[in-house]
Amino acid sequence: MNNQLKEAIRKVLPEVECVIGWGPGPDPLRGAPLFMRKLEDVDAFAAGPLAVNNPAVFLPEYKGHKVGIVVKGCDSRSVVQLIAEGLVKREEVVVIGFPCEGVVDILKIAHKLGEELEPGMVQACEIKDGKVAVTVKGQKHEMPLAEVMAAKCGFCQYPNAVLRDAFVGVEIEGKPDAFADLAAFEALSLEERFAFWEEEMSRCIRCYACRNACPLCVCRDHCVATSREPHWLSQSDSTREKLFFQLIHATHLAGRCTGCGECSRACPVGIPVGLFKRTLGRAALNLFDYKAGTSVEDVPPLQTFAMEEPAIKERDW
(Lines give C-alpha, C1' and ligand atoms only; values in the text may rest on other atoms or scores of the structure.)
Protein backbone atom coordinates (compact mmCIF):
# COMPACT_ATOMS: atom_id res chain seq x y z
CA MET A 1 0.00 0.00 0.00
CA ASN A 2 2.90 2.38 0.68
CA ASN A 3 3.99 2.18 -2.95
CA GLN A 4 0.46 2.98 -4.11
CA LEU A 5 0.27 5.92 -1.72
CA LYS A 6 3.58 7.22 -3.03
CA GLU A 7 2.21 7.13 -6.56
CA ALA A 8 -0.90 9.02 -5.46
CA ILE A 9 1.29 11.64 -3.75
CA ARG A 10 3.46 12.08 -6.84
CA LYS A 11 0.33 12.72 -8.94
CA VAL A 12 -0.89 15.40 -6.55
CA LEU A 13 2.47 17.08 -5.87
CA PRO A 14 2.62 19.30 -9.01
CA GLU A 15 -0.64 21.05 -8.09
CA VAL A 16 0.03 21.76 -4.40
CA GLU A 17 2.63 23.57 -2.30
CA CYS A 18 3.44 20.39 -0.41
CA VAL A 19 1.93 17.10 0.70
CA ILE A 20 1.90 16.35 4.43
CA GLY A 21 2.39 12.76 5.52
CA TRP A 22 4.82 10.67 7.57
CA GLY A 23 8.46 9.78 7.29
CA PRO A 24 11.30 8.48 9.46
CA GLY A 25 11.67 9.76 13.00
CA PRO A 26 14.51 9.81 15.52
CA ASP A 27 14.66 6.00 15.70
CA PRO A 28 13.11 2.97 13.92
CA LEU A 29 10.13 2.86 16.30
CA ARG A 30 9.09 6.45 15.76
CA GLY A 31 7.68 8.04 12.64
CA ALA A 32 7.49 11.82 12.22
CA PRO A 33 5.59 14.36 10.10
CA LEU A 34 6.96 14.64 6.58
CA PHE A 35 6.48 17.64 4.28
CA MET A 36 6.96 16.55 0.68
CA ARG A 37 7.70 19.42 -1.70
CA LYS A 38 9.80 17.63 -4.34
CA LEU A 39 9.36 14.26 -6.01
CA GLU A 40 12.45 12.89 -4.30
CA ASP A 41 10.93 13.73 -0.90
CA VAL A 42 8.24 11.13 -1.54
CA ASP A 43 10.77 8.29 -1.28
CA ALA A 44 10.91 8.79 2.50
CA PHE A 45 7.13 8.50 2.94
CA ALA A 46 5.83 5.64 5.10
CA ALA A 47 2.32 4.96 6.38
CA GLY A 48 1.43 2.10 8.73
CA PRO A 49 1.35 1.39 12.48
CA LEU A 50 4.17 3.88 13.16
CA ALA A 51 2.34 6.76 11.44
CA VAL A 52 0.85 7.96 14.70
CA ASN A 53 0.90 11.77 14.32
CA ASN A 54 -2.22 13.54 13.08
CA PRO A 55 -1.04 15.63 10.08
CA ALA A 56 -4.24 17.71 10.15
CA VAL A 57 -2.70 19.77 12.96
CA PHE A 58 -0.61 21.62 10.35
CA LEU A 59 -3.45 22.57 7.99
CA PRO A 60 -4.46 25.89 9.64
CA GLU A 61 -0.88 27.13 9.15
CA TYR A 62 -1.31 26.65 5.39
CA LYS A 63 -4.57 28.56 5.09
CA GLY A 64 -4.49 30.45 1.80
CA HIS A 65 -2.18 27.86 0.22
CA LYS A 66 -3.21 24.68 -1.54
CA VAL A 67 -1.71 21.61 0.09
CA GLY A 68 -2.11 17.86 -0.03
CA ILE A 69 -2.47 15.65 3.01
CA VAL A 70 -2.36 11.89 3.56
CA VAL A 71 -4.80 10.70 6.22
CA LYS A 72 -6.05 7.64 8.02
CA GLY A 73 -9.61 7.62 9.35
CA CYS A 74 -9.15 9.59 12.55
CA ASP A 75 -6.96 12.18 10.81
CA SER A 76 -9.58 12.68 8.10
CA ARG A 77 -12.21 13.49 10.71
CA SER A 78 -10.02 16.34 11.92
CA VAL A 79 -9.78 17.64 8.34
CA VAL A 80 -13.57 17.46 8.07
CA GLN A 81 -14.04 19.39 11.30
CA LEU A 82 -11.56 22.10 10.30
CA ILE A 83 -13.48 22.58 7.05
CA ALA A 84 -16.88 22.52 8.81
CA GLU A 85 -15.72 25.30 11.14
CA GLY A 86 -14.31 27.41 8.32
CA LEU A 87 -10.76 27.08 9.64
CA VAL A 88 -9.65 25.46 6.38
CA LYS A 89 -11.16 25.82 2.91
CA ARG A 90 -12.16 22.62 1.16
CA GLU A 91 -10.76 23.78 -2.18
CA GLU A 92 -7.35 24.35 -0.60
CA VAL A 93 -6.89 20.74 0.53
CA VAL A 94 -6.29 17.63 -1.57
CA VAL A 95 -6.97 14.61 0.63
CA ILE A 96 -5.39 11.20 0.01
CA GLY A 97 -6.93 8.58 2.25
CA PHE A 98 -6.24 4.96 3.15
CA PRO A 99 -7.61 2.30 5.54
CA CYS A 100 -5.91 2.05 8.95
CA GLU A 101 -5.74 -1.09 11.05
CA GLY A 102 -4.31 0.71 14.07
CA VAL A 103 -1.19 2.45 15.31
CA VAL A 104 1.24 1.62 18.09
CA ASP A 105 1.37 3.24 21.51
CA ILE A 106 5.02 3.74 22.41
CA LEU A 107 4.19 4.09 26.11
CA LYS A 108 2.63 0.62 26.06
CA ILE A 109 5.75 -0.81 24.43
CA ALA A 110 7.91 0.95 27.03
CA HIS A 111 5.73 -0.47 29.80
CA LYS A 112 6.19 -3.99 28.46
CA LEU A 113 9.94 -3.48 28.32
CA GLY A 114 9.98 -2.00 31.80
CA GLU A 115 11.89 1.13 30.88
CA GLU A 116 11.41 4.54 29.27
CA LEU A 117 12.16 4.60 25.56
CA GLU A 118 13.85 7.89 24.90
CA PRO A 119 14.16 8.92 21.23
CA GLY A 120 17.15 7.17 19.72
CA MET A 121 17.17 4.23 22.13
CA VAL A 122 15.48 1.76 19.77
CA GLN A 123 18.02 0.30 17.36
CA ALA A 124 15.62 -1.70 15.18
CA CYS A 125 11.88 -2.24 14.80
CA GLU A 126 10.00 -4.76 12.67
CA ILE A 127 6.23 -5.14 12.43
CA LYS A 128 5.17 -8.37 10.77
CA ASP A 129 2.51 -11.09 11.10
CA GLY A 130 0.72 -9.27 13.91
CA LYS A 131 3.85 -8.84 16.03
CA VAL A 132 6.17 -5.98 16.94
CA ALA A 133 9.86 -6.69 17.42
CA VAL A 134 12.05 -3.95 18.86
CA THR A 135 15.75 -4.05 19.58
CA VAL A 136 16.93 -2.03 22.58
CA LYS A 137 20.50 -2.11 23.93
CA GLY A 138 21.28 -4.95 21.57
CA GLN A 139 18.45 -7.14 22.85
CA LYS A 140 15.43 -8.03 20.72
CA HIS A 141 11.96 -8.00 22.29
CA GLU A 142 8.86 -9.35 20.54
CA MET A 143 5.23 -8.68 21.50
CA PRO A 144 1.75 -8.99 19.94
CA LEU A 145 0.81 -5.86 18.00
CA ALA A 146 -2.73 -6.00 19.40
CA GLU A 147 -1.37 -5.54 22.93
CA VAL A 148 0.49 -2.32 22.13
CA MET A 149 -2.09 -0.61 19.94
CA ALA A 150 -3.26 2.87 20.90
CA ALA A 151 -6.41 2.78 23.04
CA LYS A 152 -8.39 4.76 20.45
CA CYS A 153 -7.89 1.96 17.90
CA GLY A 154 -9.94 -0.38 20.08
CA PHE A 155 -13.12 1.62 19.47
CA CYS A 156 -12.39 3.27 16.11
CA GLN A 157 -15.57 3.54 14.04
CA TYR A 158 -13.88 5.24 11.09
CA PRO A 159 -10.74 3.34 10.04
CA ASN A 160 -11.18 4.58 6.45
CA ALA A 161 -10.70 8.21 5.48
CA VAL A 162 -14.09 9.93 5.81
CA LEU A 163 -13.17 12.64 3.31
CA ARG A 164 -10.88 11.89 0.38
CA ASP A 165 -10.11 13.00 -3.14
CA ALA A 166 -8.21 9.77 -3.70
CA PHE A 167 -8.32 6.52 -1.75
CA VAL A 168 -5.67 3.80 -1.73
CA GLY A 169 -6.37 0.31 -0.44
CA VAL A 170 -9.48 -1.70 0.46
CA GLU A 171 -11.94 -0.29 2.97
CA ILE A 172 -12.18 -2.13 6.28
CA GLU A 173 -14.97 -2.32 8.82
CA GLY A 174 -14.96 -0.08 11.87
CA LYS A 175 -15.64 -1.12 15.44
CA PRO A 176 -18.70 -0.21 17.50
CA ASP A 177 -18.03 2.58 19.98
CA ALA A 178 -19.98 1.70 23.09
CA PHE A 179 -17.97 4.10 25.28
CA ALA A 180 -16.83 1.12 27.33
CA ASP A 181 -13.83 3.08 28.58
CA LEU A 182 -16.10 5.77 29.97
CA ALA A 183 -18.48 3.22 31.50
CA ALA A 184 -15.61 1.59 33.40
CA PHE A 185 -14.38 4.94 34.69
CA GLU A 186 -17.84 6.17 35.65
CA ALA A 187 -18.49 2.98 37.60
CA LEU A 188 -16.15 4.46 40.21
CA SER A 189 -17.57 6.66 42.94
CA LEU A 190 -17.26 10.45 42.67
CA GLU A 191 -14.60 10.38 45.37
CA GLU A 192 -12.61 7.73 43.52
CA ARG A 193 -12.84 9.64 40.25
CA PHE A 194 -11.70 12.88 41.82
CA ALA A 195 -8.84 11.09 43.56
CA PHE A 196 -7.85 9.61 40.20
CA TRP A 197 -7.69 13.02 38.52
CA GLU A 198 -5.87 14.56 41.48
CA GLU A 199 -3.21 11.87 41.18
CA GLU A 200 -2.99 12.24 37.39
CA MET A 201 -2.86 16.05 37.47
CA SER A 202 -0.15 15.99 40.12
CA ARG A 203 2.10 14.44 37.44
CA CYS A 204 1.29 17.09 34.81
CA ILE A 205 4.30 19.29 33.95
CA ARG A 206 2.24 21.94 32.11
CA CYS A 207 4.15 21.50 28.89
CA TYR A 208 0.94 22.01 26.85
CA ALA A 209 1.89 19.18 24.49
CA CYS A 210 -1.77 18.07 24.62
CA ARG A 211 -2.85 21.48 23.36
CA ASN A 212 -0.11 21.79 20.76
CA ALA A 213 -0.85 18.36 19.27
CA CYS A 214 -4.60 19.02 18.97
CA PRO A 215 -5.65 19.94 15.40
CA LEU A 216 -8.70 21.83 16.70
CA CYS A 217 -6.75 23.98 19.19
CA VAL A 218 -6.18 26.89 16.82
CA CYS A 219 -6.03 29.79 19.29
CA ARG A 220 -2.67 28.94 20.85
CA ASP A 221 -1.44 32.54 20.55
CA HIS A 222 -4.39 33.58 22.72
CA CYS A 223 -4.71 30.49 24.92
CA VAL A 224 -6.17 30.88 28.41
CA ALA A 225 -3.09 29.05 29.69
CA THR A 226 -0.79 31.93 28.79
CA SER A 227 -3.13 34.92 28.54
CA ARG A 228 -2.43 37.77 30.95
CA GLU A 229 -5.34 39.96 29.90
CA PRO A 230 -7.65 38.51 31.02
CA HIS A 231 -5.61 36.49 33.48
CA TRP A 232 -7.46 33.18 33.55
CA LEU A 233 -4.75 30.95 34.98
CA SER A 234 -1.71 31.50 37.13
CA GLN A 235 1.62 29.77 36.50
CA SER A 236 1.26 27.93 39.76
CA ASP A 237 2.28 24.27 39.68
CA SER A 238 -0.69 23.32 41.81
CA THR A 239 -2.93 20.37 40.97
CA ARG A 240 -5.90 22.74 41.02
CA GLU A 241 -4.52 25.00 38.28
CA LYS A 242 -3.49 22.07 36.11
CA LEU A 243 -6.92 20.43 36.41
CA PHE A 244 -8.56 23.79 35.72
CA PHE A 245 -6.61 24.09 32.45
CA GLN A 246 -7.58 20.58 31.33
CA LEU A 247 -11.25 21.26 32.04
CA ILE A 248 -11.12 24.49 30.03
CA HIS A 249 -9.29 22.70 27.23
CA ALA A 250 -11.93 19.96 27.12
CA THR A 251 -14.81 22.45 27.25
CA HIS A 252 -13.37 24.39 24.30
CA LEU A 253 -13.42 21.10 22.36
CA ALA A 254 -16.96 20.10 23.35
CA GLY A 255 -18.78 18.98 20.22
CA ARG A 256 -15.58 19.53 18.22
CA CYS A 257 -13.18 16.78 19.31
CA THR A 258 -12.86 14.05 16.68
CA GLY A 259 -11.25 11.52 19.01
CA CYS A 260 -7.91 11.42 17.22
CA GLY A 261 -6.21 10.80 20.57
CA GLU A 262 -3.30 13.15 19.95
CA CYS A 263 -3.70 14.87 23.33
CA SER A 264 -3.17 11.63 25.25
CA ARG A 265 -0.44 10.41 22.88
CA ALA A 266 1.54 13.64 23.12
CA CYS A 267 1.48 13.73 26.93
CA PRO A 268 5.03 12.91 28.03
CA VAL A 269 3.85 11.49 31.35
CA GLY A 270 0.95 9.43 29.98
CA ILE A 271 -2.05 11.24 31.46
CA PRO A 272 -5.27 10.03 29.73
CA VAL A 273 -6.59 13.55 29.11
CA GLY A 274 -8.64 12.21 26.20
CA LEU A 275 -11.17 10.93 28.74
CA PHE A 276 -12.37 14.50 29.27
CA LYS A 277 -12.97 14.99 25.54
CA ARG A 278 -14.59 11.57 25.14
CA THR A 279 -17.07 12.42 27.88
CA LEU A 280 -18.09 15.69 26.25
CA GLY A 281 -18.16 14.04 22.81
CA ARG A 282 -20.67 11.52 24.12
CA ALA A 283 -22.76 14.36 25.57
CA ALA A 284 -22.79 16.14 22.17
CA LEU A 285 -23.90 12.89 20.53
CA ASN A 286 -26.67 12.27 23.06
CA LEU A 287 -27.94 15.86 23.24
CA PHE A 288 -27.51 17.04 19.67
CA ASP A 289 -27.12 13.83 17.66
CA TYR A 290 -23.83 15.26 16.44
CA LYS A 291 -20.54 13.46 15.92
CA ALA A 292 -17.61 15.73 15.11
CA GLY A 293 -15.65 15.19 11.93
CA THR A 294 -18.20 13.17 10.00
CA SER A 295 -19.73 15.81 7.70
CA VAL A 296 -18.41 19.09 6.29
CA GLU A 297 -22.01 20.28 5.95
CA ASP A 298 -23.10 19.93 9.57
CA VAL A 299 -22.63 22.93 11.85
CA PRO A 300 -21.12 22.11 15.27
CA PRO A 301 -23.91 22.33 17.86
CA LEU A 302 -22.19 24.95 20.00
CA GLN A 303 -21.68 27.21 16.98
CA THR A 304 -25.37 27.51 16.22
CA PHE A 305 -28.60 28.24 18.08
CA ALA A 306 -32.06 26.71 18.23
CA MET A 307 -35.00 27.88 20.29
CA GLU A 308 -35.52 24.31 21.44
CA GLU A 309 -33.35 21.22 21.25
CA PRO A 310 -35.31 17.97 20.83
CA ALA A 311 -33.16 16.08 23.32
CA ILE A 312 -33.14 18.82 25.97
CA LYS A 313 -36.51 18.84 27.76
CA GLU A 314 -36.28 22.29 29.29
CA ARG A 315 -40.05 22.58 29.61
CA ASP A 316 -40.09 19.49 31.79
CA TRP A 317 -37.82 21.13 34.34
Side-chain angles (χ1 to χ4, degrees), residues 1-6 20-36 41-55 57 70 72-75 98-156 159 169 172 175 180-181 184 196 199-200 202-210 212-213 260-275:
M1 188 173 67
N2 267 313
N3 288 332
Q4 291 175 289
L5 283 168
K6 287 179 181 180
I20 310 170
W22 305 273
D27 62 40
L29 179 60
R30 291 172 168 86
L34 178 68
F35 298 83
M36 294 164 278
D41 295 339
V42 183
D43 295 335
F45 173 84
L50 303 183
V52 297
N53 302 72
N54 186 344
V57 70
V70 187
K72 46 193 184 287
C74 54
D75 308 331
F98 66 95
C100 174
E101 296 184 352
V103 295
V104 301
D105 183 331
I106 293 175
L107 288 179
K108 285 186 178 180
I109 294 176
H111 180 74
K112 279 189 171 291
L113 298 183
E115 63 177 311
E116 291 187 23
L117 292 178
E118 298 293 338
M121 280 183 62
V122 177
Q123 297 154 330
C125 174
E126 182 182 23
I127 299 177
K128 188 177 180 181
D129 299 328
K131 294 182 179 180
V132 181
V134 295
T135 302
V136 181
K137 299 176 182 176
Q139 186 174 355
K140 187 175 181 180
H141 306 266
E142 193 171 270
M143 60 202 76
L145 179 59
E147 293 181 7
V148 292
M149 284 284 192
K152 64 176 182 177
C153 302
F155 44 76
C156 177
I172 58 179
K175 301 177 179 66
D181 54 331
F196 170 83
E199 171 63 25
E200 292 297 309
S202 70
R203 299 190 295 113
C204 173
I205 59 175
R206 290 190 75 167
C207 65
Y208 304 122
C210 54
N212 296 343
C260 73
E262 283 293 89
C263 52
S264 295
R265 181 196 67 80
C267 178
V269 292
I271 300 173
V273 291
L275 273 177

**Request:** Fit a plane to each ring of Phe45 and Trp22, take the angle between them on a 0 to 90° scale, and name the class: parallel (under 30°), tilted (30 to 60°) or perpendicular (over 60°).
**Result:** tilted

**Asked** Which heavy atom of Ala51 sits nearest a heavy atom of Lys72, and at what distance?
**Response** O-NZ, 2.7 Å

**Message:** Can you confirm whether Met1 sits close enough to Pro99 that some side-chain heavy atom of one is under 4.5 Å from a side-chain heavy atom of the other?
**Reply:** yes

**Request:** Would you give the length of the straight line joining atom CG of Asp43 to atom CE of Met36, rounded to the nearest 0.5 angstrom?
**Result:** 10.5 Å

**Item:** Non-hydrogen atoms of Pro24 and Ala44 that approach each other most closely
**Value:** CD-O, 3.5 Å

**Request:** Calculate, to the nearest 0.5 Å, the distance between atoms CD1 and OG belonging to Ile271 and Ser202 respectively.
**Result:** 7.5 Å

**Prompt:** To the nearest 0.5 Å, what is the distance between CG (Asp75) and CZ (Phe98)?
**Reply:** 7.0 Å

**Prompt:** Residues in side-chain hydrogen bond (donor to acceptor under 3.5 Å, both in side chains) with Asn54, at least two apart?
**Reply:** Ser78

**Request:** Please name the pair of heavy atoms, one in Lys140 and one in Ala133, separated by the smallest distance, quoted to 0.1 Å.
**Result:** CE-CB, 3.5 Å

**Item:** Between CD1 on residue Ile172 and CD on residue Glu101, distance to nearest 0.5 Å
**Value:** 5.0 Å

**Asked** What pair of heavy atoms forms the shortest contact from Asn53 to Glu262, and how long is it?
**Response** CA-OE2, 3.6 Å

**Message:** So, taking the atom named SG in Cys153 and the one named NZ in Lys175, what distance separates them when rounded to the nearest 0.5 Å?
**Reply:** 7.0 Å

**Request:** State, to 0.1 Å, how close Pro55 and Ile20 come at their nearest heavy-atom pair, and which atoms those are.
**Result:** CB-CG2, 3.7 Å

**Fill in**
Nearest heavy-atom approach of Ser264 to Val273 is OG-N, 3.6 Å

Please tabulate, one pair per line, all N/O donor-acceptor pairs under 3.5 Å involving side-chain atoms of residues 106-128, not counting sequence neighbours.
residue, atom, partner, partner atom, Å
Lys108, NZ, Met149, O, 2.7
Lys112, NZ, Glu147, OE1, 2.7
Glu115, OE1, Lys137, NZ, 3.1
Gln123, OE1, Lys137, N, 3.3
Gln123, OE1, Gly138, N, 2.8

